[in-house]
Amino acid sequence: MKPSNLPCIPFSPPRIDDKTIAEVTAALQSGWITTGHRVKEFEKRLAQYVGIEKVVCVNSASAGLELMLRWFGVQEGDEVIVPAYTYCATANVVVHCGAKPVMVDVNSTDFNINIKNVENAITKKTKVIIPVDFAGFPCDYDELNQLVNKENIKKKFTPKTAEQKMLGRILILSDSAHSVGATYKGKHTGALTDITVFSFHAVKNLTTAEGGAICLNLPAVFNQEELYKYLCVKSLHGQSKDALSKTQIGNWRYDVCEAGYKCNMTDILAAIGLVELERYENDMLIKRKHIFDQYTAAFSKDERFEVPVYKTDTKTSSYHVYPLRIKNITENERDCIIQKITEQNISVNVHFIPLPMLSFYKNRGYNIADFPVAYDNFAREISLPVYYDLTDEQVERVVAAVMGK
Ligand SMILES: *Cc1c(COP(=O)(O)O)cnc(C)c1O
């Protein structure tokens, strides 16, 4: 058989089966399709899974990140520290608020934001740090949490809003789009820092087609229950009552307290999420880890490859992306290898093109030469297929194709 006749191995199709379809059908037939009981149940179960009090579901991680930047009052003149190596959403939401994304270089070991570089980038204008758990591997949260609480760093902090005064320091808003279910020192992501946002986009580990969740884990001066209620209102036009509570008899009158946003999650999407979450820890994560282990067993035997870290004494990944690197190659050579893999009907990707290489950020004066580690990670990286229905035989085909066999 010619290689091109082999069946296609996609990169990351969602796991949709009869159970998912039955739950979505039940939601459709229930008479209530927008935000309702299923969303509330999904929020409750997510909070239990993460080990915190309150989770707010929204229609994307991007919306969740922006909602929290707006809540904290991030605005023109402010700076937000982000890794140069991430998806554009991390920085775009900062731009939406009128603030400046301050990019810092990452680690070559695990691709995550480098804490020393974060410290050097902090100024009087810094309001928020957005670490990204790249590929599902948690950042150094102890170091980050300690950094924002250091006396000299707190002294620099210049609060403008009531929320900023209450916190009294830089906020950590984790972009955990990749890392639902990952752990650091025995705790799940979502419980590791002030605020954590998950993505349930179609390619992510746990999907609702599109969707996101905000995990609230702020210091005790903030009332999480009140903040939860406030964010439900803020994500629904600032309207004092949601559609469901308005359906109760005599409950039609409402008020609008602020020009809020429109980014609530629907019950149809929560129906998918409830099925996904139920089988996430003991099924999805085990399957994904098995695939990671197979790739690592194969590629660690070959000198040409650099396998990713996804487990240490203190951290476990959510096994979202398998970012293989090839030693001593150029960006061009990497592209040629991808071309050869693709010719065998196997889909691979590159995570990510560093932000300074994208036109919008390049035109704003960011220069990839200032981020040598991010560039090196990118130039030698190939992300391999990882998804629930990927079989051992398919993994072997991917390994053979990457090895040039
Ligand atoms: C997918 C992704 C997002 C955005 O998630 P959405 O739910 O699509 O808004 C943000 N950050 C990173 C690192 C991502 O990979």
Side-chain angles (χ1 to χ4, degrees), residues 11-14 39 42-43 46 55-70 80-97 101 103-104 106-107 110-113 128-139 172-182 189-190 192-193 195-215 235 261-266 269-270 272-273 276-277 288 308 317-323 349-358 360-361 374 377-378 381 383 386-387:
F11 183 67
S12 175
V39 170
F42 186 39
E43 289 177 340
L46 278 168
V55 170
V56 185
C57 280
V58 284
N59 64 7
S60 71
S62 306
L65 289 167
E66 183 165 341
L67 199 71
M68 296 321 293
L69 289 177
R70 301 270 183 189
V80 175
I81 296 175
V82 301
Y85 201 73
T86 180
Y87 181 60
C88 63
T90 319
N92 285 359
V93 293
V94 176
V95 174
H96 296 172
C97 294
M103 294 178 195
V104 300
V106 295
N107 299 321
D110 61 9
F111 299 75
N112 278 339
I113 197 162
V128 181
I129 299 166
I130 310 185
V132 177
D133 299 332
F134 177 80
F137 194 68
C139 293
I172 300 178
L173 170 60
S174 171
D175 177 342
S176 294
H178 297 183
S179 64
V180 188
T189 50
L192 300 176
T193 196
I195 295 167
T196 299
V197 178
F198 297 141
S199 171
F200 306 135
H201 176 269
V203 303
K204 301 288 160 55
N205 275 18
L206 194 163
T207 189
T208 62
E210 294 280 359
I214 305 164
C215 303
S235 60
Y261 299 88
K262 187 61 171 67
C263 55
N264 52 307
M265 178 181 273
T266 74
L269 300 190
I272 306 176
E276 289 271 281
L277 183 58
R288 299 186 83 99
S317 177
S318 66
Y319 321 104
H320 177 53
V321 165
Y322 192 91
N349 260 302
V350 173
H351 289 82
F352 290 100
I353 301 173
L355 302 182
M357 294 176 73
L358 305 172
F360 177 79
Y361 290 102
N377 284 346
F378 154 75
E381 199 264 1
S383 305
V386 181
Y387 56 91

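Being a predicted model, the structure only gives us computed values, none of them experimental. Atoms within a ligand are numbered from 1 in the order they appear, just like the ligands themselves. Here, residue 1 is the first one in the sequence, and each next residue gets the next number.
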Revision key, fill the gap. Sorted by chain and residue number, the residues having a heavy atom closer than 4.0 Å to an atom of ligand 1 are Ser60, Ala61, Ser62, Thr86, Tyr87, Ala89, Thr90, Val132, Asp175, Ala177, His178, Ser199, His201, Lys204, Gly211, Phe352

Point to revise | Gap separating the OG1 atom of Thr86 from the CG atom of Asp133, nearest 0.5 angstrom | key: 10.0 Å

Review point. Hey, mind stepping through Ser179 and His320 against side chain to side chain contact (heavy atoms under 4.5 Å, CB included) and telling me if it holds?
Key: CA-CA 7 Å; Ser179 64; His320 177 53; over 6 Å; no

Review point. By side chain to side chain donor-acceptor pair (under 3.5 Å), which residues pair with Asp175, not counting sequence neighbours?
Key: Thr90

Review point. Given the side-chain rings of Phe137 and Tyr319, with only the six-membered ring counted for Trp, is the space between their centroids under 6.0 Å?
Key: no

**Study point:** Test item: Tyr261 side-chain N/O and Leu67 main-chain N/O as donor-acceptor pair under 3.5 Å
**Key:** no

Exercise for review: Would you check, one step at a time, whether the test side-chain hydrogen bond (donor to acceptor under 3.5 Å, both in side chains) holds for Thr208 with Glu210?
Suggested key: CA-CA 5 Å; Thr208 62; Glu210 294 280 359; over 6 Å; no

